[in-house]
Amino acid sequence: MSSPVIKSVQEQVQNRKIATGHPSKQPYQKQKRWFKMALFLFAGITFVSVTLAVMLGPVKITPLTVWKIILSHFPMIGGMVEQDWSQAQDYIVWNIRLPRVLLGVVIGSGLAIVGTVIQALVRNSLADPYILGVSSGASVAATLVIIFGALPLFGQYALSIGSFLGALLSMIMVYILAQTSGRVNNTRLLLSGIAVSMVLSAITNLIVTMAPNEQGIRDAMFWMMGSLAGAKWEYLTIPSFVVLFGLFFLLFQYRSLNALLMGEETATTLGINTDTFRKVLILISSLVTGVIVAVSGAIGFIGLMVPHITRFLIGSDHRRVLPISAFLGAIITIWADVLARLIFAPQELPIGVVTAMCGGPFFIWLLRRQTYSFGGANR
Amino acid sequence: MNLKLENVSFSFMQTPIIQDISLHVSAGQFVGIIGPNGSGKSTLLKTIYRVLKPNSGSIQLADQDIEALSSRYVFQHMAIVSQEATEAFDFSVQEMVLMGRTPHKRLFESDTIDDYVIVQQALARVNMEAFAKRSFMSLSGGEKQRVLIARALAQQAELIILDEPTNHLDIRYQFQLLNLVKNLDVSVIAALHDLNLASIYTDYLYVMQSGQIVRSGTPKEVLTVDLLREVFGVETEIVIHAKTGKPHITFISDQVS
């Protein structure tokens with residue numbers, strides 16, 4: 001230990017030990033306040049977006065009327081609102097537009113958080129919620145229901161239940177294929193996801209080509225590209241519950257999620273039972289995606305894009321990424337659906353077309369920026 | 001914190017990787033493991049930090065069987081600094097070090113001011129305090145390693161395992177890193193490539209060859225011309241250096257002489 005370089009470093013370290021008797025608490029508090037503001041901002045934008053999305057359509061309704069109508073439907077305060085709108089307006093807001101917009105909120109948030117989690121799970125920023133074969137499995141079942149009227153037993157819920165079962169089955173298949181001697185390997189997970197998706201897509205195409213009528217094909221295609229059309233209050237309960245549960249569960253696991261981004265080995269040495277944790281993550285992601293696909297079809301791009309934009313804005317810490325991406329996913333889905341309704345009104349576009357058309361170029365722009373590095377570098 | 005391995009073996013698909021390893025690290029000791037590539041150094045360390053499960057033998061941390069201890073408990077007392085991995089996702093330096101608090105936290109527990117103070121002190125000890133808000137990816141190799149050491153410090157471990165941590169570092173940072181760890185007042189077990197660094201920093205050395213420990217002792221006892229020829233297949237000259245008082249190895253290439 002004779003080198004002068006070493007000496008000086010040693011001295012510096014020694015001096016430092018003495019100098020930091022009372023570290024300041026300021027940076028910690030400042031950071032917390034900054035994040036709270038961001039959270040409020042995004043919640044605000046979501047609120048405004050919901051209002052605007054309900055206002056817009058062939059029949060224009062003022063924001064005040066929108067909220068009066070909504071409040072009038074609440075059991076306690078409902079009676080206090082003075083009714084100055086028509087029956088038709090009430091029907092449009094309460095029965096047609098609001099459930100659709102709220103379904104957008106639930107689905108957008110759900111896809112965004114699952115996208116975030118899947119990217120952490122496989123440590124790959126290219127992954128999206130459908131990587132586990134969910135959408136392709138659901139598509140097989142959905143096309144069978146739409147074109148051949150399968151599962152008549154479940155009546156009007158045949159499509160939802162069928163696609164959920166399809167999603168579940170394909171995920172189980174992918175999961176079993178990804179296992180080697182009891183452990184789930186990342187590369188195998190991605191590859192078996194791709195393989196299963198390909199086979200199932202082929203089956204879907206086969207079913208579509210065997211369709212007895214044109215209308216069936218159109219409906220099936222529309223479903224596969226994703227749509228929020230036909231949203232009803234009844235469709236909202238289960239997805240809302242599942243997405244909220246998923247969000248809170250994952251928020252409590254933010255430390256483990258962060259550690260997982262460091263790699264499985266590092267996560268293990270930070271005291272996390274990675275095998276169990278990853279299995280739990282796959283289960284939760286499957287559940288949330290399955291439920292979402294069952295009500296809206298496979299809306300692409302949101303689960304891939306939103307986590308990136310969020311990390312670009314606020315870094316990789318899951319404590320912040322999860323809530324912000326939930327809001328951002330909701331906002332983007334709401335507006336994509338508004339566009340899908342309005343661009344060629346009265347004709348409707350599938351929302352998946354809109355998310356890809358608008359999101360794609362934006363995403364390319366993001367990637368082309370020199371500074372973009374999948375995380376906190378650009379704050 | 002002491003660590004004791006007794007007759008530990010690990011095989012992968014019936015191929016034994018390490019066999020019958022017994023090893024002891026006492027409190028505050030810096031123990032080095034040297035050996036050629038593929039001799040099982042990393043595998044040995046991985047069995048200690050629970051990434052690999054030994055097929056037989058016992059590992060005791062502070063006189064308790066490590067198998068019986070919870071993951072959280074083990075990694076509250078043991079921290080690992082390994083080779084710098086390429087990360088796909090970026091974090092700030094502060095967030096990186098804060099991860100060291102993970103084993104100390106329960107499910108519903110949030111980060112307290114204390115955690116941030118511990119992080120700040122850890123960064124100060126590796127002289128990286130000014131970098132707290134910087135992006136980890138933007139740092140140089142030496143800076144990254146120092147941050148990872150700060151993470152181990154934030155873990156408040158009494159045993160630090162270094163898994164060839166100096167591999168990609170310039171010579172200056174290799175010294176800096178080992179100096180830092182040596183002065184930490186914790187037990188250290190390190191797999192090292194550079195035999196001269198091993199000679200300078202370690203209190204006790206284990207030499208591995210083909211998955212077994214072939215020699216152990218102080219650097220002076222272990223680092224001999226015969227042993228290096230036998231284990232590493234190199235010709236050397238070894239002198240006790242006047243200033244360090246440690247064996248200094250000069251490698252002799254038969255191409256030149």
Side-chain angles (χ1 to χ4, degrees), chain A residues 1-3 5-7 9-10 12-25 27-29 31-32 119-120 122-126 252-256 258-274 311 315-317 319-321 373-379, chain B residues 46 49-51 70-76 78-80 82 85 87-92 94-96 98-105 107-108 110-111 113 115-117 120-121 124-127 129 132-138 151 155 161 172 175-176 179-180 182-183 200-201 241 243-244:
Chain A
M1 296 180 204
S2 54
S3 138
V5 175
I6 298 169
K7 270 268 165 57
V9 173
Q10 255 174 0
Q12 277 177 38
V13 172
Q14 289 296 327
N15 291 343
R16 279 296 181 163
K17 273 185 195 164
I18 301 157
T20 50
H22 300 282
S24 78
K25 293 165 181 176
Y28 168 59
Q29 283 159 347
Q31 197 176 350
K32 242 188 152 180
Q119 288 176 7
V122 298
R123 285 186 78 212
N124 190 326
S125 43
L126 293 174
F252 283 125
Q253 306 285 341
Y254 80 89
R255 260 194 213 94
S256 309
N258 285 349
L260 208 57
L261 280 189
M262 297 289 100
E264 213 175 319
E265 217 167 89
T266 308
T268 308
T269 67
L270 289 172
I272 289 154
N273 188 342
T274 42
R311 287 198 198 96
S316 305
D317 187 352
R319 185 177 11 174
R320 298 196 298 265
V321 172
S373 67
F374 309 112
N378 324 285
R379 255 171 295 160
Chain B
K46 282 190 171 79
Y49 61 79
R50 307 234 286 201
V51 166
S70 79
S71 235
R72 279 186 62 226
Y73 180 87
V74 169
F75 294 106
Q76 281 169 9
M78 180 201 285
I80 287 80
S82 60
E87 307 297 349
F89 296 88
D90 202 6
F91 281 92
S92 76
Q94 189 184 39
E95 287 164 351
M96 227 25 202
L98 196 57
M99 280 183 210
R101 301 302 299 153
T102 307
H104 293 271
K105 290 293 173 180
L107 186 59
F108 296 98
S110 61
D111 299 324
I113 298 279
D115 293 314
Y116 282 85
V117 171
Q120 204 173 353
Q121 280 170 343
R125 276 172 90 181
V126 300
N127 233 345
E129 221 182 350
K133 300 284 171 198
R134 279 274 295 277
S135 128
F136 181 76
M137 270 184 180
S138 72
R151 185 170 74 193
Q155 224 168 314
I161 298 179
R172 179 186 163 187
F175 274 100
Q176 211 178 59
N179 246 333
L180 194 67
K182 178 100 180 164
N183 284 314
I200 295 172
Y201 286 100
H241 196 274
K243 279 191 178 157
T244 60

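Both backbone and side-chain heavy atoms feed into the values below; hydrogens, waters and symmetry mates do not. Proteins get letters first, then strands, A, B, ... in listed order; numbering begins at 1 in each.
- Side-chain atoms of A:Glu265 never come within 3.5 Å of backbone atoms of B:Lys46 as a donor-acceptor pair (strictly under, hydrogens ignored).
- With contacts defined as side-chain heavy-atom distances shorter than 4.5 Å, the pair B:Asp111/A:Arg255 qualifies.
- Put simply, the side chain of A:Ser316 never gets that close to the backbone of B:Phe91: no donor and acceptor are under 3.5 Å apart.
- Closest of all the heavy-atom pairs between B:Phe75 and A:Thr269 is CD2-O, 3.1 Å.
- Here the straight-line distance linking atom CG of A:Asn273 with atom CZ of B:Arg72 works out to 13.0 Å at 0.5 Å rounding.
- To the nearest 0.5 angstrom, B:Leu98 atom CG is 7.5 Å from A:Asp317 atom CG.
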Step by step, work out the side chain to side chain contact (heavy atoms under 4.5 Å, CB included) result for A:Leu270 and B:Gln155.
CA-CA 8 Å; A:Leu270 289 172; B:Gln155 224 168 314; 3.7 Å; yes
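- If you measure heavy-atom distances from B:Ser138 to chain A, you find no contacts under 4.5 Å at all.
- Put simply, the side chain of A:Thr266 does not reach to within 4.5 Å of the side chain of B:Met99, judged on heavy atoms.
- Taking B:His104, B:Arg151, B:Met78 one by one and counting their heavy-atom pairs under 4.5 Å with chain A, the maximum is reached by B:Arg151.
- Residue A:Gly271 comes nearest to B:Ser71 through the heavy atom pair O-CB, 3.7 Å, listed as atom of the first residue, atom of the second, then distance.
- Contacts of B:Arg134 with chain A are absent, with no heavy-atom separation under 4.5 Å from either backbone or side chain.
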